[in-house]
Amino acid sequence: MKPTGARNVRLFAALMGVSAAAVVLGVAEVLSLFFGTAGSPIFAVGSLVIDLVPPGVKDMVIALFGTGDKAALLTILGIVIVVLAGLAGILEARRPPLGIVVFGVAAVLAVVAVVTRAGASGFNGVPTVVGAVVGVVLLRIGIQRLERWRVFEEKRSSVVTRSGSVARGPQLERRSFLSLAIVAGGIAIAAGAGARVFNSMTTAVTEARSKLKLPKATVAADPVPAGAELGLDGLTPYVTPNSEFYRIDTALQVPSVDADKWKLKITGMVENEVEIDFAELLALPLEEHMATLACVSNDVGGDLIGNALWLGYPIRELLKRAVPKAGADMVLSTSIDGFTAGTPLAVLQDEGTEALLAVGMNGEPLPLAHGFPVRMVVPGLYGYVSATKWVVQMEVTRFADAQGYWTPRGWDAKGPVKLSSRIDTPRDGARVGSGEIAIAGVAWDQHVGVASVDVKVDDGPWLPTTLADSVSADTWRQWVYRWTPTKGSHDIFVRATNVEGDSQNEAYRPPDPNGSEGWHSVTVTVG
Ligand SMILES: Nc1nc2c(c(=O)[nH]1)N[C@H]1C(S)=C(S)[C@@H](COP(=O)(O)O)O[C@H]1N2
Ligand SMILES: [Mo]
């Protein structure tokens, strides 16, 4: 193909634009290795988009709690970049320097996104600036070469081609343009992707974490009775392994926090500001408690819930040092990545609530994605108002004066976990034999406790299930019902009742604004 005719010129110009954009991003990614991971413009812009999604875009806000949606966001961002860069290339060919202006504006926006991220500094903007300068120079040179090639090609087609001297010009110009566009773009993509992989390995922190030995708990968790684990096929295990624990956060890149530099500050309406570093925290008498953590976005029957053994220091003890002032009713905790949660002060001070500043999860340091080195865990509250990962600050304040991240986005300021139950086996849509089968699942009402779970088949009566042994009110309980089915299709429903005598309501409510409600059901075919 030759750059003769407006259509082809546009195509080649667009190619040059995309190649120049790849160079901008590639250079920025590589330089971010030296200027800090916060320098990545793609991730900064993506994070800014996450934060800016208007509360009205409800479904998207719900989706943003999730992890798979981050890949979707990055894909959309990638498409937008390619389209914009292509257009900028065309503009630069037709109305220079408009293409460069587009690149410049995009770069300024990206730099703003980078430097306004929590914990970023002006320093982190350098990779994007340098990348943009290199990219713009390349775009200009590329478009000039394209123009020369076009002129040669047009001369050639205006001469009756007898090959020879006239034809050699276009060959050279063609090569000089294409090699620039393709080689520069290719190298940039390869180098950028390589830097990204390297960046995401966050080797230093990962290594420090793997060498870290956590102290033994001074207050050990109550032993888990053998009867807490029914051990049935298809039933969620009582303790969720770290590798299978759901992950929800607004972080496009998992923050890698150097434990040696980590500090927590307790500020705001307190008599004494408290500051504690990681070594000081580990030297305190740590406690271990089993607690089930649930996400407010967990829909009926969903899997955004897990149970783990947490090692940490009671938050109430730290608050005793700080001495909250009268009138305070909330603790606004802040993550190193800017996420915030507003937790009722009274819950954190309650002697009967094992709210932890946690460092360990199931016998090892917190995995990076679950908040290494330190996070909060508060039994009985959804994660979005309590479980701040990578926590660095707790400000004692008032609900009237401050809001956590999700509150202005349409979610309730307070998020106590709702009584819920889930059928794990049989799965919805399963085909089962006609012998006896186990209907089994989990039920939870953190900090209150589940008293009974019933199942119902079709329009039949509620049938009491057998509950696994309770470990504590703060964790979920397995349950099982041995069912001898009749042939045909059946709907199975589950309903839990807590120790206060409240049962789950049948009426469905979506997760937004304070947690889902309704009976989980599965439909199975027997025979
Ligand atoms: N820093 C930070 N902490 C956070 C969040 C977040 O977006 N950023 N999300 C919260 C939400 S909504 C939940 S449900 C829990 C999930 O914790 P997990 O990912 O360890 O399961 O973390 C909470 N802590
Ligand atoms: Mo959540």
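Only a predicted model underlies this, so the values are computations on that prediction, with no experimental measurement involved.
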Legend entry - Contact check, side chains of Ile492 and Trp483, non-hydrogen atoms, under 4.5 Å: yes
Inset, instruction - Return the minimal non-hydrogen interatomic distance between Ser297 and Trp411, and the atom names on each side. - result: OG-CH2, 4.0 Å
Legend entry - Sidechain-backbone polar pair: Arg375 side chain, Val391 backbone, donor-acceptor under 3.5 Å: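 No, because the side chain of Arg375 does not come within donor-acceptor range (under 3.5 Å) of the backbone of Val391.
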Inset, instruction - Please check if any side-chain donor atom of Thr353 sits under 3.5 Å from a side-chain acceptor atom of His447, or the reverse. - result: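 The answer is yes; a qualifying pair exists.
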Legend entry - Validation row: Ser421, Gln504 side chains within 4.5 angstrom (heavy atoms): yes
Legend entry - Under-4.0 Å salt bridge between Glu317 and Arg321: no
Inset, instruction - Might you work through the side chain to side chain contact (heavy atoms under 4.5 Å, CB included) test for Thr340 and Thr388, ending with a clear yes or no? - result: CA-CA 7 Å; Thr340 53; Thr388 304; over 6 Å; no
Legend entry - Whether Thr292 side chain and Trp476 backbone form a donor-acceptor pair below 3.5 Å: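 At least one qualifying donor-acceptor pair exists.
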Inset, instruction - Give a yes or no on whether the backbone of Ala251 and the side-chain of Lys70 come within a donor-acceptor separation of less than 3.5 Å. - result: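 Present.
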Inset, instruction - Taking atom types as modelled, find out whether Glu395 and Thr334 have a side-chain donor-acceptor pair closer than 3.5 angstrom. - result: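 No, because no side-chain N or O of Glu395 sits under 3.5 Å from a partner of the opposite role on Thr334.
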Inset, instruction - Might you work through the salt bridge (charged side-chain N to carboxylate O under 4.0 Å, His left out) test for Lys418 and Glu517, ending with a clear yes or no? - result: CA-CA 8 Å; Lys418 291 180 180 175; Glu517 288 179 25; 2.8 Å; yes
Inset, instruction - Decide yes or no for Val270 and Glu273: does some side-chain heavy atom of the first lie under 4.5 Å from some side-chain heavy atom of the second? - result: yes
Inset, instruction - Evaluate the side-chain proximity of Tyr313 to Leu318: yes if any heavy-atom separation is below 4.5 Å, no if none is. - result: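 Yes, at least one pair of side-chain atoms sits under 4.5 Å.
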Inset, instruction - Report yes if the distance between the aromatic ring centroids of Trp310 and His370 is under 6.0 Å, otherwise no. - result: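 Between His370 and Trp310, which both carry aromatic rings, the centre distance is not below 6.0 Å.
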Legend entry - Side-chain donor-acceptor pair present, Asp491, Ser521, cut-off under 3.5 Å: no
Legend entry - Any donor-acceptor N or O pair under 3.5 Å, side chains Tyr246, Thr240: no
Inset, instruction - Of all the heavy-atom pairs spanning Asp474 and Met290, show the shortest one and how long it is. - result: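 The pair with the smallest heavy-atom distance is CB-O, 4.1 Å.
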Inset, instruction - Identify the two heavy atoms, one from Val480 and one from Ala438, that lie closest to each other, and give their separation to 0.1 Å. - result: CG2-CB, 3.8 Å
Legend entry - Side-chain touch Cys295/Ile305, heavy atoms, less than 4.5 angstrom: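 They are not in contact (no side-chain heavy atoms under 4.5 Å apart), so the answer is no.
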Inset, instruction - State whether the side chain of Asp258 and the backbone N or O of Asp260 hold a donor-acceptor pair below 3.5 Å, judged by distance alone. - result: yes
Legend entry - Test item: Thr343 side-chain N/O and Val385 main-chain N/O as donor-acceptor pair under 3.5 Å: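 Yes: the side chain of Thr343 pairs with the backbone of Val385.
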Inset, instruction - Report yes if some heavy atom in the side chain of Pro344 is under 4.5 Å from a heavy atom in the side chain of Leu381; otherwise report no. - result: yes
Legend entry - Side-chain H-bond candidate by donor/acceptor type, Ser40 with Glu29, under 3.5 Å: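 Indeed, the side chains of Ser40 and Glu29 share at least one donor-acceptor pair under 3.5 Å.
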Legend entry - Asp454/Arg495 ion pair, N-O < 4.0 Å: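 Looking at Asp454 and Arg495, the cut-off is met.
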Legend entry - Flag for Asp412-Tyr382: side-chain donor and acceptor within less than 3.5 Å: no
Legend entry - Trace of the side chain to side chain contact (heavy atoms under 4.5 Å, CB included) decision for Trp444 with Thr475: CA-CA 7 Å; Trp444 60 91; Thr475 71; over 6 Å; no
Inset, instruction - Would you please test Val374 and Leu264 for side chain to side chain contact (heavy atoms under 4.5 Å, CB included) and show each step? - result: CA-CA 9 Å; Val374 184; Leu264 174 81; over 6 Å; no
Inset, instruction - State the NE2-CG distance between His490 and Asp458, to the nearest 0.5 angstrom. - result: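 Here the rounded value is 6.0 Å.
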Inset, instruction - Return yes if some donor-acceptor pair links the side-chain N/O of Thr75 with the main-chain N/O of Ala71 below 3.5 Å, else return no. - result: yes
Legend entry - Value rounded to 0.5 Å, distance of CG in Asp502 from OG1 in Thr497: 8.5 Å
Inset, instruction - Spell out, as yes or no, whether a donor-acceptor pair under 3.5 Å connects the side chain of Thr465 to the backbone of Val453. - result: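 Checked: pair present.
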Inset, instruction - Give a yes-or-no answer on whether the side chains of Gln393 and Thr267 include a donor-acceptor pair shorter than 3.5 Å. - result: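 The answer is yes; a qualifying pair exists.
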Legend entry - side-chain hydrogen bond (donor to acceptor under 3.5 Å, both in side chains) between Asn514 and Tyr384, intermediate numbers included: CA-CA 10 Å; Asn514 59 15; Tyr384 81 110; over 6 Å; no
Inset, instruction - May I ask you to decide if Leu309's main-chain N or O and Asn362's side chain share a donor-acceptor pair within less than 3.5 Å? - result: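 Indeed, once roles are kept as given, a pair shorter than 3.5 Å links the two residues.
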Legend entry - salt_bridge(Lys265, Asp277) N-O dist < 4.0 Å: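 Looking at Lys265 and Asp277, the cut-off is not met.
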Inset, instruction - Begin from the C-alpha positions of Val499 and Val450 and carry the test side chain to side chain contact (heavy atoms under 4.5 Å, CB included) through to its verdict. - result: CA-CA 6 Å; Val499 296; Val450 170; over 6 Å; no
Legend entry - Pro426 versus Val432, closest heavy-atom pair with distance: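 For Pro426 and Val432, the tightest heavy-atom pair comes out as CB-CG1, 4.2 Å.
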Legend entry - Salt-bridge criterion met for Arg316 and Asp350 (N-O under 4.0 Å): no
Legend entry - Inter-residue atom distance Leu281.CG - Leu286.CG, 0.5 Å rounding: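 Separation between the atoms: 6.0 Å.
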Legend entry - Val359 and Leu282, any side-chain heavy atoms less than 4.5 Å apart: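 Answer yes - side chains close enough.
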Inset, instruction - Give a yes or no on whether the ring-centroid distance for Trp519 and Trp462 is below 6.0 angstrom. - result: yes
Legend entry - Exam field: side chain Arg431 to backbone Gly527, donor-acceptor pair closer than 3.5 Å: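 Side chain of Arg431 to backbone of Gly527: a pair is present.
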Legend entry - Value rounded to 0.5 Å, distance of CG in Leu356 from CG in Leu348: 11.0 Å
Inset, instruction - Examine the side chains of Arg409 and Gln403 and answer whether a donor and an acceptor come within less than 3.5 Å of each other. - result: no
Legend entry - Smallest separation among heavy atoms of Val417 and Asp445, with atom names: O-OD1, 4.0 Å
Legend entry - Short side-chain to backbone donor-acceptor contact, Asn307 and Tyr238, under 3.5 Å: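 Checked: pair present.
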Legend entry - Heavy-atom pair of closest approach, residues Met361 and Pro367: SD-CD, 3.7 Å
Inset, instruction - Could you tell me the separation between the NZ atom of Lys456 and the CG atom of Asp459, rounded to the nearest 0.5 Å? - result: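 Going from NZ on Lys456 over to CG on Asp459, the span is 5.5 Å.
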Legend entry - Verdict with supporting geometry, Arg422 and Thr236, side-chain hydrogen bond (donor to acceptor under 3.5 Å, both in side chains): CA-CA 10 Å; Arg422 182 180 78 193; Thr236 309; 2.8 Å; yes
Legend entry - Pairwise distance OG1(Thr397) to CE(Met394) - rounded to 0.5 angstrom: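 The CE atom of Met394 is 14.5 Å from OG1 of Thr397, to the nearest 0.5 Å.
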Inset, instruction - Report yes if some heavy atom in the side chain of Tyr481 is under 4.5 Å from a heavy atom in the side chain of Thr466; otherwise report no. - result: no
Legend entry - Ring-face cation of Lys414 near Phe399 (centre distance under 6.0 Å, axis angle within 45°):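 Geometry flag: set, cation within 6.0 Å and 45°.
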